[in-house]
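A short worksheet on the structure shown next.
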Amino acid sequence: MELNYIHPNFELNGERYSIEELIELSNVWVNGTEEYLIDLGNLIIQWFNTDDYVSLTTSGTTGSPKVIQLKKEAMVYSAKATGTFFDIKSSSNALLCMSTKYVGGKLMFIRALILGWKLDVKEPTARPLLGSTKVYDFVAMVPMQVENSLVELAYVKKLIIGGAKVNKRLVEKLQLLDTKVYETYGMTETITHIAAKLVGTDIFSVLPHANVSMDARECLVISAPTVNPDLVVTNDLVEIISNKEFKWRGRVDNVINSGGVKLFPEQIEEKLAKRIPYRFFVASKEDDYLGNKLVLVIESEEYTLDGDVFEDLSKYEKPREIQFKSKFVETETGKIIRRKNIQ
């Protein structure tokens with residue numbers, strides 16, 4: 001596979017570049033002061049060097065961030081699968097507004113380079129489309145950016161959301177828009193997403209380069225040999241529809257055994273989503289009587305919850321303790337690090 005390649009229709013911020021010109025521009029960026037351009041410049045320099053991999057820092061959601069290596073060939077396969085699945089043609093207008101320090105931002109650039117998109121790069125702020133009236137065919141954002149960009153999404157035809165789960169309140173707002181909005185499923189080990197679903201629907205459809213199955217724990221197993229030669233065994237509880245479709249139920253490592261009853265935090269959070277006007281999550285805390293008790297943690301100053309907040313929950317699903325935290329600890333992509341937010 002030829003890696004030292006730029007699609008003839010590729011444009012970056014309205015300009016066309018040769019490989020030499022792109023590297024020259026990147027060297028200017030990495031010696032500058034804009035962090036997002038430094039990260040992008042380093043990616044471009046890595047992409048066109050003689051190594052067959054790109055170094056990447058993981059987000060640190062479930063542990064300490066670590067540096068890993070992604071094969072360039074696998075990144076190309078992933079990019080092509082995305083273009084096919086979402087039907088984003090050469091010369092489409094695309095926007096990169098995620099950090100290229102992480103896999104989602106890196107792949108957005110590589111897709112544009114390989115598939116010949118006209119890519120605009122903006123600083124990955126909370127509201128990257130503010131003031132823009134340009135129509136984009138394809139944009140990727142994290143949920144926090146989407147929440148702050150609902151007005152500007154009128155200028156986006158297709159939007160993919162990654163980096164963190166989309167909450168129910170945001171889903172309801174997005175369903176009022178003409179934009180086609182997809183929630184994606186993937187991880188660093190699969191070189192970004194291997195599946196996607198329209199927001200408001202339950203079933204993930206798998207991209208053409210992957211197939212899925214389930215292990216004895218009822219957790220998702222991913223086969224995507226063009227991006228990872230090994231089977232990727234996840235901790236995501238799923239319902240398998242076919243090798244190309246699945247429903248996500250929650251994380252097996254989040255499941256709480258409270259007094260012998262298995263509780264699924266993500267399902268409880270879904271029931272509470274309309275009744276708590278702040279970000280929140282449920283988790284467990286050691287308890288002498290129950291072994292583990294259910295705790296509700298809300299990102300807010302302390303207040304008294306209305307009596308009907310828990311009316312959709314079974315008696316076992318009702319929190320035994322409520323905690324308030326003024327600001328959640330989270331990753332740069334907006335994922336809440338649960339273990340660091342429980343008192």
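Residues take their numbers from the sequence shown, with the count starting at 1.
Separation of atoms CD1 (Ile276) and CZ (Phe281) is listed at 11.5 Å; rounding is to 0.5 Å. The OG atom of Ser314 sits 10.5 Å away from atom CD of Gln267, with the distance rounded to the nearest 0.5 Å. Rounded to the nearest 0.5 Å, atoms CD (Glu317) and CG (Leu296) are 13.0 Å apart. Between the CG atom in Leu56 and the CG atom in Leu107 there is a gap of 9.5 Å [rounded to 0.5 Å]. Considering OG of Ser258 and NZ of Lys262, their distance stands at 13.5 Å, rounded to 0.5 Å. Rounding to the nearest 0.5 Å gives a distance of 9.0 Å between CG of Asn148 and OG1 of Thr125.
The cationic group of Arg249 lies under 6.0 Å from the six-membered ring centre of Phe264 and within 45° of the ring axis, placing it in a cation-pi geometry. Note that Lys71 lies outside the cation-pi zone of Tyr53, set by a 6.0 Å cut-off to the ring centre and a 45° limit from the axis.
In this structure, Lys244 places its NZ atom where more than 12 heavy-atom neighbours from other residues, nucleotides or ligands lie under 6.0 Å away. Residue Arg320 qualifies as open at atom CZ: its count of foreign heavy atoms under 6.0 Å is 12 or below. Atom CD of Glu321 is surrounded by more than 12 heavy atoms from other residues, nucleotides or ligands within 6.0 Å. Within a 6.0 Å radius of CG in Asp178, other residues, nucleotides and ligands contribute 12 heavy atoms or fewer. Other residues, nucleotides and ligands contribute over 12 non-hydrogen atoms within 6.0 Å of the CD atom of Glu123. Around the CD atom of Glu311, the shell of radius 6.0 Å holds more than 12 heavy atoms that belong to other residues, nucleotides or ligands.
The backbone N or O of Gly291 sits nowhere less than 3.5 Å from a side-chain atom of Glu286 that would complete a donor-acceptor pair. Distance alone, capped at 3.5 Å, is enough to place a donor-acceptor pair between the Thr234 side chain and the Leu220 backbone. A distance-only check finds no donor-acceptor pair linking the side chain of Asn228 to the backbone of Ala224 [under 3.5 Å]. Using a distance-only test at 3.5 Å, with no hydrogens or angles considered, no donor-acceptor pair links the side chain of Ser78 to the main chain of Ala74. Listed for the Thr190 side chain is no donor-acceptor partner under 3.5 Å among the backbone atoms of Gly186. Here the side chain of Glu15 pairs no donor or acceptor atom with the backbone of Leu12 at under 3.5 angstrom. A donor-acceptor contact shorter than 3.5 Å is absent between the side chain of Thr201 and the backbone of Lys197. Side-chain atoms of Thr179 come within 3.5 Å of backbone N or O of Val156 as a donor-acceptor pair. With Asp137 contributing its side chain and Asn93 its backbone, the two residues share a donor-acceptor pair below 3.5 Å.
Aromatic ring centroids of Phe138 and Trp117 lie under 6.0 Å apart. Centroid-to-centroid, the aromatic rings of Tyr155 and Tyr136 stay 6.0 Å apart or farther.
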>> For Tyr303 and Tyr278: C-alpha separation, side-chain torsions, deciding distance, then whether ring-ring contact (aromatic ring centres under 6.0 Å, His included) applies.
In response: CA-CA 11 Å; Tyr303 72 98; Tyr278 307 100; 5.5 Å; yes
> Could you walk me through whether Val28 and Leu37 pass the side-chain contact (heavy atoms from CB on, under 4.5 Å) check?
Replying inline: CA-CA 9 Å; Val28 173; Leu37 292 178; over 6 Å; no
>> For Asn341 and Lys327: C-alpha separation, side-chain torsions, deciding distance, then whether side-chain hydrogen bond (donor to acceptor under 3.5 Å, both in side chains) applies.
In response: CA-CA 9 Å; Asn341 287 290; Lys327 178 64 178 173; over 6 Å; no
>> Between Leu130 and Glu152, is the side-chain contact (heavy atoms from CB on, under 4.5 Å) condition met? List the steps.
In response: CA-CA 7 Å; Leu130 183 64; Glu152 291 84 19; 3.7 Å; yes
> Given the rule in the side-chain contact (heavy atoms from CB on, under 4.5 Å) test, do Val297 and Ile336 qualify, once you have shown the distances and angles that lead to the verdict?
Replying inline: CA-CA 11 Å; Val297 187; Ile336 299 169; over 6 Å; no
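Leu40 is listed as a side-chain neighbour of Ile44, based on a closest heavy-atom distance under 4.5 Å. Looking at Leu95 and Lys122, their side chains come closer than 4.5 Å, going by heavy atoms from C-beta outward. A 4.5 Å side-chain heavy-atom check between Met187 and Ile222 finds at least one atom pair inside the cut-off. Under the 4.5 Å side-chain criterion, counting only non-hydrogen atoms from C-beta, Leu113 is in contact with Phe48. Pro128 is listed as a side-chain neighbour of Met141, based on a closest heavy-atom distance under 4.5 Å. Arg169 has its side chain out of reach of Lys274: every pair of non-hydrogen atoms, C-beta onward, lies at least 4.5 Å apart. Between Val221 and Val212 the shortest side-chain heavy-atom distance does not fall below 4.5 Å. The side-chain heavy atoms of Phe109 and Leu43, taken from C-beta on, include a pair separated by under 4.5 Å.
A continuous path of ILVMFWY side-chain contacts below 4.5 Å connects Ile342 to Phe328, so both sit in one hydrophobic cluster. Ile241 and Tyr185 are assigned to two separate hydrophobic clusters, defined by single-linkage of ILVMFWY side chains at heavy-atom distances under 4.5 Å. Hydrophobic clustering (side-chain heavy atoms under 4.5 Å, transitive across Ile, Leu, Val, Met, Phe, Trp, Tyr) keeps Met144 apart from Leu170.
A salt bridge links Arg338 to Glu269: at least one charged side-chain nitrogen sits closer than 4.0 Å to a carboxylate oxygen. A salt bridge does not link Asp52 with Lys72: every distance from a Lys NZ or Arg NE/NH1/NH2 to an Asp or Glu carboxylate oxygen is 4.0 Å or more. The pair Asp87-Lys89 counts as a salt bridge, with a side-chain nitrogen and a carboxylate oxygen less than 4.0 angstrom apart. Salt-bridge formation is detected for the pair Asp312/Arg275: a Lys NZ or Arg NE/NH1/NH2 atom is positioned less than 4.0 Å from an Asp or Glu carboxylate oxygen. The residues Lys101 and Glu35 are annotated as salt-bridged, a charged nitrogen and a carboxylate oxygen being separated by less than 4.0 angstrom.
Contact between Cys97 and Ala140 at its shortest, heavy atoms only, is SG-O, 3.5 Å. The two residues Ser99 and Asp39 make their nearest non-hydrogen contact at OG-OD2, 4.0 Å. Residues Cys219 and Leu237 come closest through the heavy atom pair SG-CD2, 4.0 Å. Of all non-hydrogen atoms in Val151 and Arg127, the two that sit nearest each other are CB-NH2, 4.4 Å. Closest non-hydrogen pair, Val238 versus Trp248, comes out as CG1-CA, 4.3 Å. The heavy-atom pair separating Ile6 from Tyr17 by the smallest distance is CD1-O, 3.7 Å.
Using cut-offs of 30° and 60° for the angle between ring planes, the Tyr182 and Phe85 rings count as perpendicular.
Residues Asn254 and Glu266 have side chains that bring a donor and an acceptor to within less than 3.5 angstrom of each other. Using modelled atom types and a 3.5 Å distance limit, the side chains of His193 and Thr82 yield a donor-acceptor pair. Side-chain contact of Arg217 with Asn235: a donor-acceptor pair under 3.5 Å is present, judged by distance alone. Ser90 and Asn9 share a donor-acceptor pair across their side chains, judged by distance under 3.5 Å alone.
Among the candidates Ile203, Ile240, Val206, the single residue satisfying the side-chain contact (heavy atoms from CB on, under 4.5 Å) test with Glu245 is Ile203.
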